Colleague: 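Supplied in structure tokens, the structure appears directly below.
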Amino acid sequence: MLEIILKLLEVAAWSGIAALGFGLLFNIPKGTIITVFVLGFSAGLIKFTLLKFGLNIVLATFIAVLFVAIVSMPTAHKIHHPPVVFCIPPVIPMIPGYFAYETVLSVMNFIFIEKDAARRLILIDSIFSNGFTMFFILISIAAGISLPMLVLRKSTVKKIED
């Protein structure tokens with residue numbers, strides 16, 4: 001059990017470091033660096049904990065991104081920076097690069113390399129499986145960031161803080 005917790009904390013720390021790296025790449029204000037790291041850490045911890053409990057990667061990503069977006073709104077008003085500063089860097093590491101890579105690799109193998117009909121069917125399955133997983137993860141990221149920003153407007157969040 002301790003090994004699993006340590007592994008989750010390690011992955012969460014790397015998520016926080018990745019969020020911090022993207023934040024620095026996008027030139028976030030210096031006063032927001034720790035907050036971006038904590039949000040990235042939290043998002044990674046939530047996503048990988050949910051995955052460890054057997055939740056689908058699309059739903060786990062959506063819940064983690066939704067958490068980041070909801071926490072970013074009041075944090076942005078408290079620290080006096082736009083919510084985008086806190087929302088985008090922690091979410092970028094969740095972009096499904098592995099599934100995109102596997103989709104493109106399967107497409108390339110299907111088109112240029114594989115001639116055996118049985119292997120081509122396996123590649124078609126891989127193309128659709130990885131491609132749709134990638135697509136739905138991207139949709140969940142977009143929805144998870146957009147919904148709180150649409151629902152929690154500036155005035156609504158300020159009323160919550162009072």
Side-chain angles (χ1 to χ4, degrees), residues 3-28 32-33 35-76 81-114 119-153 157:
E3 184 179 323
I4 293 170
I5 292 172
L6 289 175
K7 197 64 152 170
L8 286 172
L9 289 175
E10 177 189 358
V11 173
W14 285 114
S15 296
I17 291 169
L20 185 60
F22 283 112
L24 293 174
L25 182 69
F26 295 140
N27 232 2
I28 60 172
T32 63
I33 289 175
T35 308
V36 168
F37 174 81
V38 169
L39 284 171
F41 181 89
S42 302
L45 187 63
I46 290 169
K47 177 182 175 182
F48 290 108
T49 301
L50 292 174
L51 287 174
K52 196 70 175 164
F53 283 119
L55 201 63
N56 187 319
I57 189 167
V58 176
L59 188 56
T61 302
F62 177 74
I63 292 170
V65 170
L66 191 66
F67 170 80
V68 168
I70 289 172
V71 170
S72 293
M73 295 298 290
T75 304
H81 287 289
V84 174
V85 169
F86 303 104
C87 277
I88 302 304
V91 169
I92 291 175
M94 294 188 198
I95 292 175
Y98 170 79
F99 294 106
Y101 171 77
E102 287 294 326
T103 302
V104 171
L105 189 65
S106 296
V107 167
M108 299 304 282
N109 284 333
F110 180 81
I111 293 173
F112 297 114
I113 297 173
E114 198 58 55
R119 299 274 304 147
R120 288 176 70 109
L121 283 175
I122 294 171
L123 288 172
I124 289 173
D125 180 57
S126 177
I127 291 167
F128 281 101
S129 174
N130 290 315
F132 278 118
T133 302
M134 173 192 64
F135 177 73
F136 285 120
I137 290 173
L138 290 173
I139 294 292
S140 72
I141 290 172
I145 287 179
S146 302
L147 288 176
M149 290 199 180
L150 292 173
V151 173
L152 299 174
R153 301 222 184 264
V157 172

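Given the structure is predicted, the values throughout are model-derived calculations rather than measurements.
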Colleague: Relative to the ring of Phe132, is the ring of Phe136 parallel (under 30°), tilted (30 to 60°) or perpendicular (over 60°)?
Modeller: parallel

Colleague: Calculate, to the nearest 0.5 Å, the distance between atoms CG and OG1 belonging to Leu20 and Thr35 respectively.
Modeller: 11.0 Å

Colleague: Between Val68 and Phe86, does a side-chain contact (heavy atoms from CB on, under 4.5 Å) hold up when you go through it step by step?
Modeller: CA-CA 8 Å; Val68 168; Phe86 303 104; over 6 Å; no

Colleague: I need the minimum non-hydrogen distance between Ala43 and Ala64, along with the two atoms involved.
Modeller: O-CB, 3.5 Å

Colleague: How long is the span from the CG atom in Leu45 to the CD atom in Glu10, to the nearest 0.5 Å?
Modeller: 13.0 Å

Colleague: Can you tell me how far CE of Met94 sits from CD1 of Ile137, rounded to the nearest 0.5 angstrom?
Modeller: 11.0 Å

Colleague: Could you tell me whether the side chain of Ile88 reaches within less than 4.5 Å of the side chain of Ile145, counting heavy atoms only?
Modeller: yes

Colleague: To the nearest 0.5 angstrom, please state how far the CG atom of Asn130 sits from the OH atom of Tyr98.
Modeller: 6.5 Å

Colleague: Do you know the tightest heavy-atom contact between Ser146 and Ala142?
Modeller: OG-O, 2.7 Å

Colleague: Shortest non-hydrogen contact from Ser140 to Phe62?
Modeller: O-CD1, 3.4 Å

Colleague: For Leu138 and Phe135: C-alpha separation, side-chain torsions, deciding distance, then whether side-chain contact (heavy atoms from CB on, under 4.5 Å) applies.
Modeller: CA-CA 5 Å; Leu138 290 173; Phe135 177 73; 5.8 Å; no

Colleague: Rounded to the nearest 0.5 Å, what separation is found between the OG1 atom of Thr61 and the CG atom of Asn56?
Modeller: 8.5 Å

Colleague: For the residue pair Glu102 and Ser126, what are the closest heavy atoms and their distance?
Modeller: O-OG, 4.4 Å

Colleague: Run the numbers on Ile63 and Ile46 for side-chain contact (heavy atoms from CB on, under 4.5 Å), then give the verdict.
Modeller: CA-CA 8 Å; Ile63 292 170; Ile46 290 169; 4.1 Å; yes

Colleague: Which distance, rounded to the nearest 0.5 Å, do you find between the CG of Leu59 and the CG of Leu51?
Modeller: 9.5 Å

Colleague: If you compare all heavy atoms of Ala69 against all heavy atoms of Cys87, which two are closest, and at what distance to 0.1 Å?
Modeller: CA-SG, 3.8 Å

Colleague: Where do Lys47 and Ser15 land on the side-chain contact (heavy atoms from CB on, under 4.5 Å) test, with the steps shown first?
Modeller: CA-CA 10 Å; Lys47 177 182 175 182; Ser15 296; over 6 Å; no

Colleague: So which heavy atom on Ile127 is nearest to which on Thr103, and how close?
Modeller: O-CG2, 4.0 Å

